[in-house]
Amino acid sequence: MGLLTHIFKPSPDKFVRMTIRQLRRVGITGEIQYDAGAFALRFEKDGEPAWLNLQNIYAEICAAPATKRAAMLELFVRSFTTGPSTKQATLDEIKGRFLPRIRPNAYYGLMDIQTNLQKMDPLKYLALDFAEGVKAELVIDFDDSIQTLGQERLDEWGVDFETCMTWARENLWRISNDDFIEMTPGLYRSPWQDNHDTARVFLEDLIWQLKVQGRHVVTMPNRDLLLVGGDGDAQTLSFMLDATLKAYEHERPMVAVPYVLDGRSWSPLTLPDDHPAAITLKKLCLTQHSQDCQQQKDLLDRLFKQQQTDLFVGTCLTQEDETTGAWRSMAVWGEGVDMLMPVVDDIAFVREGASGADLIGLAAWDRVLEVAGDLFEKTEYEPTRYRLRHWPSESQLAEIGPKKPEK
């Protein structure tokens, strides 16, 4: 059944036609524009511009049995176009539906580029820094849709964001009465599968009640899964990270990086190089980072083409060492190229030779910044990229000491 589902999934173009037909059925009569590069539709809803991103629902529908796809698409389109509105609602009617939602920082960075591409006004996010690399935003949980809020709506209600987040946390407690499911001793998974599982990291007291060895560690690979374990049991932690890596391939991945609880604060998990789970942890972090960088590169390439800007966007490459199994990331720095460099482990220096591109060698990121950090201009993009306008001098290259990889 899984193979047949994959073989007979609709092509992206066919899916777009299906979605447009469904939009017409729910009353969208004006022009509907398809942006193939962004895989999104633009139209007017209630007299205001609307932008429908198709990537997530397309992935979900392709993974679903063919017999359920039409109903899934209809529900998605109806919830987007005719779902509940907060325009006429009072604060008292809505505040009981406030919930927090976790998002990786890269999500907001990618959305900023998307809106720039679509020539829309910049989005004003209602979000706070929850931990390194992730934010918490305020959403409204309706029966068949989840909606975000803008600051202008809170201004109309005369309430501040912090108060709303306090209500959101209280609401989350009220819908979190079920017990975590113990997968193995010291390893638990969330039972709710209500699209808010990852938000339970807000409930530190709930996490503290779970018996683990060492400090509490969580992973949030997709919106319906929160795993909790401890960093004091190497075998269980390894199993947890392996399960996270598989779950991150879910059609709506969230955060691959594990976080550890210290008091009421969360921070990314770090492990010594000789820890049994160190290689899997590195792979998890690189999987998320490389995917975020690739999505960012695709969008920036389109944006710079639209703006007629001659700026190269570097690729974050990942590679496994065949001998040790260790994972590292790499990007290429070409001589004479004005580029945006992603943050990586190693930089490959390349210059044009008599017979084409010639690899001078590789050097560790920290070493390159130590010697030639003045050439790195940090940009506001998320994930972070550095503008490299100038190639290192010959003396800087000599001091960096790039080495060619062994064959």
Side-chain angles (χ1 to χ4, degrees), residues 5-46 48-85 101 103-104 106-123 125 137 139-140 142 144-148 195 221-224 248-255 288 291-303 305-306:
T5 296
H6 177 75
I7 291 175
F8 294 108
K9 70 179 183 180
S11 68
D13 287 341
K14 181 178 180 181
F15 182 74
V16 169
R17 294 194 296 271
M18 293 166 56
T19 306
I20 291 176
R21 286 198 298 270
Q22 191 60 51
L23 284 168
R24 296 302 187 198
R25 291 192 184 105
V26 298
I28 301 299
T29 58
E31 181 183 7
I32 300 176
Q33 297 178 337
Y34 172 45
D35 185 329
F39 198 31
L41 296 172
R42 295 184 67 182
F43 52 92
E44 282 198 355
K45 182 182 72 168
D46 299 329
E48 297 181 355
W51 178 40
L52 182 58
N53 192 320
L54 302 178
Q55 294 177 359
N56 289 333
I57 186 61
Y58 177 65
E60 289 189 15
I61 283 181
C62 287
T67 55
K68 296 183 178 180
R69 290 172 179 168
M72 288 176 62
L73 180 59
E74 179 182 2
L75 179 61
F76 171 75
V77 170
R78 287 190 178 279
S79 64
F80 182 85
T81 56
T82 63
S85 173
R101 180 164 61 180
R103 290 280 199 188
Y107 167 82
Y108 301 98
L110 296 175
M111 287 298 295
D112 286 340
I113 304 173
Q114 287 271 24
T115 54
N116 200 348
L117 263 171
Q118 300 295 326
K119 299 180 180 179
M120 299 170 62
D121 292 334
L123 300 177
Y125 306 108
E137 65 180 11
V139 300
I140 303 176
F142 289 109
D144 56 2
S145 66
I146 299 173
Q147 297 182 16
T148 56
N195 296 339
N222 62 62
R223 60 184 183 177
D224 283 329
Y248 190 70
E249 298 174 355
H250 187 274
E251 57 268 16
R252 289 201 180 186
M254 293 292 289
V255 182
Q288 178 178 328
Q291 289 183 8
D292 290 342
C293 286
Q294 186 58 50
Q295 291 183 58
Q296 182 190 53
K297 172 179 169 57
D298 293 342
L299 290 170
L300 286 174
D301 282 342
R302 293 184 56 243
L303 179 63
K305 182 178 180 180
Q306 182 186 90

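Note that the structure is a prediction, hence the values are computed from the model and not measured.
Proximity of I57 to F15: side-chain heavy atoms (C-beta onward) are separated by under 4.5 Å at one or more points. F76 is not listed as a side-chain neighbour of E60, based on a closest heavy-atom distance of 4.5 Å or more. Residues M18 and Q22 are not in side-chain contact: their nearest non-hydrogen atoms beyond the backbone lie 4.5 Å or more apart. V16 places a side-chain heavy atom less than 4.5 Å from the side chain of F39. Using a 4.5 Å heavy-atom threshold, the side chains of L52 and F43 count as touching. Side-chain contact between R25 and V77 is absent, with no heavy-atom pair separated by less than 4.5 Å.
For the pair T115 and D112, the tightest heavy-atom approach, listed with the atom from each and the gap, is OG1-O, 2.8 Å. Minimum heavy-atom separation, R252 to N222: O-CB, 3.6 Å. Across R101 and I146, no two heavy atoms sit closer than the pair NH1-CG2, 3.8 Å. The two residues Y248 and P253 make their nearest non-hydrogen contact at O-CB, 3.2 Å. Nearest heavy-atom pair, D35 versus Q118, reported as atom, atom and distance to 0.1 Å: OD2-NE2, 2.8 Å. When all heavy atoms of P104 and Q288 are compared, the closest pair comes out as CB-NE2, 4.2 Å.
Every residue two or more places apart in sequence or in another chain was checked for a ring pair (Phe, Tyr, Trp, His ring centres under 6.0 Å) with Y107, and none qualifies.
Here K68 contributes atom NZ and L75 contributes atom CG; the two are 13.0 Å apart, rounded to the nearest 0.5 Å. The distance from atom CG of L73 to atom CZ of R78, rounded to the nearest 0.5 Å, is 11.0 Å. Distance check, rounded to the nearest 0.5 Å: CG of L110 to CG of D292 gives 6.5 Å. Separating the CD1 atom in I28 from the CG atom in L41 is a distance of 11.0 Å, to the nearest 0.5 Å. Between the CG atom in L117 and the CG atom in L299 there is a gap of 6.0 Å [rounded to 0.5 Å].
Put simply, the side chain of R69 gets close to the backbone of A64: a donor and an acceptor are under 3.5 Å apart. With hydrogens and angles ignored, the 3.5 Å screen pairs a side-chain donor or acceptor of D224 with a backbone N or O of N195.
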Exercise. Take R17 and D13, measure what salt bridge (Lys or Arg N to Asp or Glu O under 4.0 Å) needs, and give me the verdict at the end.
Key: CA-CA 6 Å; R17 294 194 296 271; D13 287 341; 5.5 Å; no
Quiz item: Can you list the steps and then say if M111 with Y125 is a side-chain contact (heavy atoms from CB on, under 4.5 Å)?
Solution: CA-CA 10 Å; M111 287 298 295; Y125 306 108; 3.1 Å; yes
Quiz item: What's the verdict on side-chain contact (heavy atoms from CB on, under 4.5 Å) for I32 and R24, showing C-alpha distance, side-chain angles and the deciding distance?
Solution: CA-CA 9 Å; I32 300 176; R24 296 302 187 198; 3.6 Å; yes
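One finds a salt bridge joining K297 and D301 here, because a Lys/Arg side-chain nitrogen approaches an Asp/Glu carboxylate oxygen to under 4.0 Å.
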